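A quick write-up on the structure given underneath.
Since the structure is predicted, the reported quantities are computational estimates derived from the model, not experimental observations. Here is the naming used below: chain letters follow the sequence lines, and residue numbers restart at 1 for every chain.
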Amino acid sequence: MFNWLFARRMGGKFILRIEDTDQKRNTPTARQQVMDDLRWLGIEWDEGPEVGGANGPYLQSERKEKGIYDGYVKKLLDEQKAYYCFDTAEELQVMREEAEAQKKGFVYTRPERFPDEKEVEKAKAGGGPVTVRFAVPEKGTVVVRDVVRGEVSFDSGEIGDFIILKSDGFPTYNFACVVDDYLMKVTHVIRGQEHLMNTPGQQLLWEALGFGELPNYVHMSVTVSESGGKLSKRERPTALRKAIKAMGGAGLKKLAEAGGATVEEVKGFVEGKATPDMPIVDSMAKYAGVELPEINVVDFFRSGYLPETMVNFLSLLGWNPGDKREIMTAAELTEAFDLTRLTKSNSLFDRDKLIAFNTEHIKVIEGERLLGHFKDYLKVVESPLVAADDKLLSKMIRACEGARTLADIERKSRFIVLADERIEYDEKAVKKVLLKGEGLEALRAVREKLSEMEEFTHKAIEDMLRGLAEERGVGLGKVAQPLRVAICGTTISLPIFESVEMLAKENTLRRIDNTIEKFETRAEI
RNA sequence: GGCCCCAUCGUCUAGGCAGGUCUAGGACACCGGGUUUUCAACCCGGCAACAGGGGUUCGAAUCCCCUUGGGGCUACCA
């Protein structure tokens, strides 16, 4: 997002490159999700997958297939700047443990002599792992000039020869990004602070490859979550695990069924042995009625946040425009964006403030746009309101002034289109509003007045209800609340006058009758 | 453990680079009050911070050092 803001500000190009060199983690769906998320946020790339451009292909896996990295590996090998290694994972593990026992940082020990072709052939024939490591120049200090942090020095003796080509033939991130940044003529590398330690190595590689002038490095602060560490995808499964444990291990079988997993898998998950895929986690949470913290962009979408809110809010974590503005449009953000105003310290993701931002954006966004977002939202959460037409939806949105999320609007409006038999009466609301005191009696009076009305507008309904309240010598709430519970089952809905107008006369009367019939025998004195 | 980064209200931050104008500003949260047909929204008011210790200086939130605390990296992950 910051790369995009910066490119837009400078009139440069924003390139989307998919760094999918880890075969274990990167799947087509994950890639698609990233692109969907970006597009939902309104972040369009000038070059990249599905868009094309002069610097493609844009998937590192595809670039690897085309042999783009081969020549660079060979060049380093030929110049003795890189060498083959045959260590197994176990051997490396032992080396690390030794270093730890000596309370020293692990630095790979370079062999006295680099393996020759024959040895490589032999190792390959033997089926053991063959990797290529970069021989880090032993020249003392590497200085990274970082835009936010100034000059950061590293002792090259502590960097250690890192792997640039894995045994599966894929380049590592640290190697591929250097080659690709050069080939794609990347001018600014804007990324999280977690990459700062990678930079001296990348810089050294850049020089060893003879790529010339370095790109500008910009390491931004990390956003941490309430629980401490950096915001991570793991938080969702962790939250679910906690919730299942709290349930006391009951219903594991049903849970597994709901998630489409085996009981063993769920058990292993609860015991912390394994983590199922996100869709499984999501459906189990839905089944268990557990609210998981939003982590991925799509989670926020499903919770009813606007893309405008997310871009605005996220941009203000680790950056600010230098004046007192907070609620800003994407256009205002790109106009104001400035690398020098990036914050150095980490920031905490505050959901309360996010909600406040969303409330504000719902208030100021253009009506048509909001309607569009609302319809998108209704689709993903499979709301009964998908059946409603634009006119009705717009009315609902307008009546729901002050809503915090799209979920608010949906929740308060859905009763309008729900079939009568699907209205769920909230027990607490029924007791408090209908059964106690004059509730049902007031409802009968409301019903009678309503049935006599010819013009069924929110204005006329308001006049009637206010008049009735006065007549009975009570506050408006005494007549409005029973009506509200009668038509929607709860005490939370759109404003009552608009609600009744939207429901229309016939439906309103029928729901009142249903309610009276259902609860009159239960009335308390 | 090693290396690196960071440090202003509970949170996001302004101010710091060009020390005095900072009795430290804003926003969110919180607390009190108002408005009110529910939930929200809205209006008014309030609480609340320069992590600690040394320096430098006439003067330090601002510059330097140490301590402490937080975070990151320490992978054939990115």
Applying the side chain to side chain contact (heavy atoms under 4.5 Å, CB included) test to H361(A), which of L370(A), N312(A), T329(A) qualifies?
N312(A)
Of the listed nucleotides (A14(B), U37(B), C76(B)), which one gets closest to any side-chain atom of P129(A)?
C76(B)
Let me know the distance between CG of L476(A) and P of U38(B), rounded to the nearest Å.
8 Å
What nucleotide, of C76(B), C4(B), U37(B), holds the atom closest to the side chain of M197(A)?
C4(B)
Could you tell me how far U37(B) sits from C30(B) if I compare only their C1' atoms? Round to whole Å.
28 Å
Gap in Å between the two C1' atoms, one belonging to C50(B) and one to U13(B), rounded
13 Å
Does R96(A) put a side-chain nitrogen or oxygen below 4.0 Å from OP1 or OP2 of C76(B)?
yes
Say you pick atom P in C47(B) and the same atom in G32(B); how far apart are they, in whole Å?
15 Å
Students often get this wrong, so: under 4.0 angstrom with heavy atoms, is H195(A) touching a base, only sugar-phosphate, or nothing?
base
Nearest nucleotide by nearest heavy atom, which residue falls closer to the 5' end of RNA chain B, V222(A) or V148(A)?
V148(A)
Distance in Å, E448(A) CD paired with L443(A) CG, rounded so as to fall on 0.5 Å steps
12.0 Å
In whole angstrom, what separates F357(A)'s CZ from G26(B)'s C1'?
11 Å
Sort out the partner of A41(B) for me: Watson-Crick or G-U wobble, both distances under 3.5 Å, none otherwise.
none
Looking for any heavy atom pair under 4.0 Å, which part of the strands does R404(A) touch: base, sugar-phosphate only, or nothing?
sugar-phosphate
Only pairs under 3.5 Å count here: list side-chain donor-acceptor contacts from residues 163-171 of chain A, not counting sequence neighbours, and write none if there are none.
| from | atom 1 | to | atom 2 | distance (Å) |
| --- | --- | --- | --- | --- |
| K166(A) | NZ | T21(A) | O | 3.0 |
| D168(A) | OD1 | F170(A) | N | 2.9 |
| D168(A) | OD2 | Q23(A) | NE2 | 2.9 |

Using the P atom as the reference point in each nucleotide, state the distance between A49(B) and C9(B) in Å, no decimals.
9 Å
What is the distance, to the nearest angstrom, from the CD1 atom on I18(A) to the P atom on C77(B)?
18 Å
Considering every strand and a 4.0 Å limit on heavy-atom distances, what is the contact class for G318(A): base, sugar-phosphate, or nothing?
sugar-phosphate
When rounded to the nearest 0.5 Å, the distance separating CG of N296(A) from CG of D36(A) is 12.0 Å
Is the distance from OP1 or OP2 of C42(B) to the nearest side-chain N or O of K363(A) less than 4.0 Å?
yes
Base of A78(B), side chain of N198(A) - is there a donor-acceptor contact under 3.5 Å?
yes
Please classify the nucleic acid contact of N174(A) as base, sugar-phosphate, or nothing, using heavy-atom distances under 4.0 Å.
nothing
Please work out if E326(A) contacts a base, only the sugar-phosphate, or nothing of the nucleic acid, heavy-atom cut-off 4.0 Å.
base
Answer yes or no: does a side-chain N or O of R466(A) lie under 4.0 Å from OP1 or OP2 of U37(B)?
yes
Checking all strands, does K324(A) fall into the base, sugar-phosphate, or nothing category for heavy-atom contacts under 4.0 angstrom?
sugar-phosphate
What distance, rounded to whole Å, do you find between the two C1' atoms, one in G53(B) and one in C58(B)?
23 Å
I397(A) CD1 to A41(B) P, in whole Å, measures 18 Å
Ignoring the backbone of S345(A), work out which of A14(B), C6(B), U11(B) is nearest its side chain.
C6(B)
How long is the line joining CD of Q93(A) and C1' of U74(B), in whole Å?
12 Å
Measuring only the P atom in each nucleotide, how far is G25(B) from G16(B)? A whole number of Å is fine.
16 Å
Which part of the nucleic acid, if any, lies within reach of E401(A) when heavy atoms closer than 4.0 Å are counted: base, sugar-phosphate only, or nothing?
base
Of the listed nucleotides (C6(B), C4(B), G71(B)), which one gets closest to any side-chain atom of V224(A)?
G71(B)
Between G10(B) (C1') and R351(A) (CZ): distance, integer Å:
17 Å
From C5(B), C77(B), C42(B), nucleotide with atom closest to R25(A) side chain
C77(B)
Spacing between D426(A) atom CG and U38(B) atom P, to the nearest angstrom:
16 Å
Is there a side-chain contact between T21(A) and the phosphate of A78(B), meaning an N or O under 4.0 Å from OP1 or OP2?
yes
Taking the P atom in each of C12(B) and G71(B), what is the distance between them to the nearest angstrom?
13 Å
Of L354(A) and E151(A), whose nearest nucleotide on RNA chain B comes first from the 5' end?
E151(A)
Which nucleotide wins on minimum distance to the side chain of S347(A), given the candidates C77(B), U13(B), C73(B)?
U13(B)
Using Watson-Crick or G-U wobble geometry with both distances below 3.5 Å, tell me the partner of G59(B), or none.
none
Which of C5(B), A78(B), U38(B) is nearest the side chain of V152(A)? It is C5(B)
Taking any heavy-atom pair under 4.0 Å as a contact, classify E158(A): base, sugar-phosphate, or nothing.
sugar-phosphate
What is the nucleic acid contact for D20(A), judged by heavy atoms within less than 4.0 Å: base, sugar-phosphate only, or nothing?
nothing
Ion pair D350(A)/K353(A), N-O distance below 4.0 Å
no
Once you apply a heavy-atom cut-off of 4.0 Å, does R341(A) come out as touching a base, just sugar-phosphate, or nothing?
sugar-phosphate
Phosphate OP1/OP2 of U13(B): any N320(A) side-chain N/O under 4.0 Å:
no
Ionic contact status for E294(A) with R236(A), cut-off 4.0 Å
no
What nucleic acid atoms does I496(A) come within less than 4.0 Å of, heavy atoms only: base, sugar-phosphate, or nothing?
base
Spacing of N358(A) atom CG and I327(A) atom CD1 [to the nearest 0.5 Å]:
9.5 Å
Whole-Å gap separating P (A41(B)) and CG (D408(A)):
9 Å
Euclidean distance for C1', A29(B) against U11(B) (whole angstrom)
7 Å
Which nucleotide in the list C3(B), C76(B), A41(B) gets nearest to the side chain of S167(A)?
C76(B)
Look at the side chain of K353(A) and the base of A27(B), then say whether one donor and one acceptor between them are separated by less than 3.5 Å.
yes
Cation over ring face, R96(A) and F106(A), 6.0 Å, 45°
yes
Among G25(B), C76(B), C5(B), which nucleotide sits nearest the side chain of K166(A)?
C76(B)
To the side chain of I163(A), which of C28(B), C76(B), U37(B) is closest?
C76(B)
So, does E97(A) use its side chain to make a donor-acceptor pair with the main chain of V94(A) at under 3.5 Å?
no
Option from F175(A), F162(A), Y84(A), W206(A) for which ring-ring contact (aromatic ring centres under 6.0 Å, His included) with F134(A) holds:
F162(A)
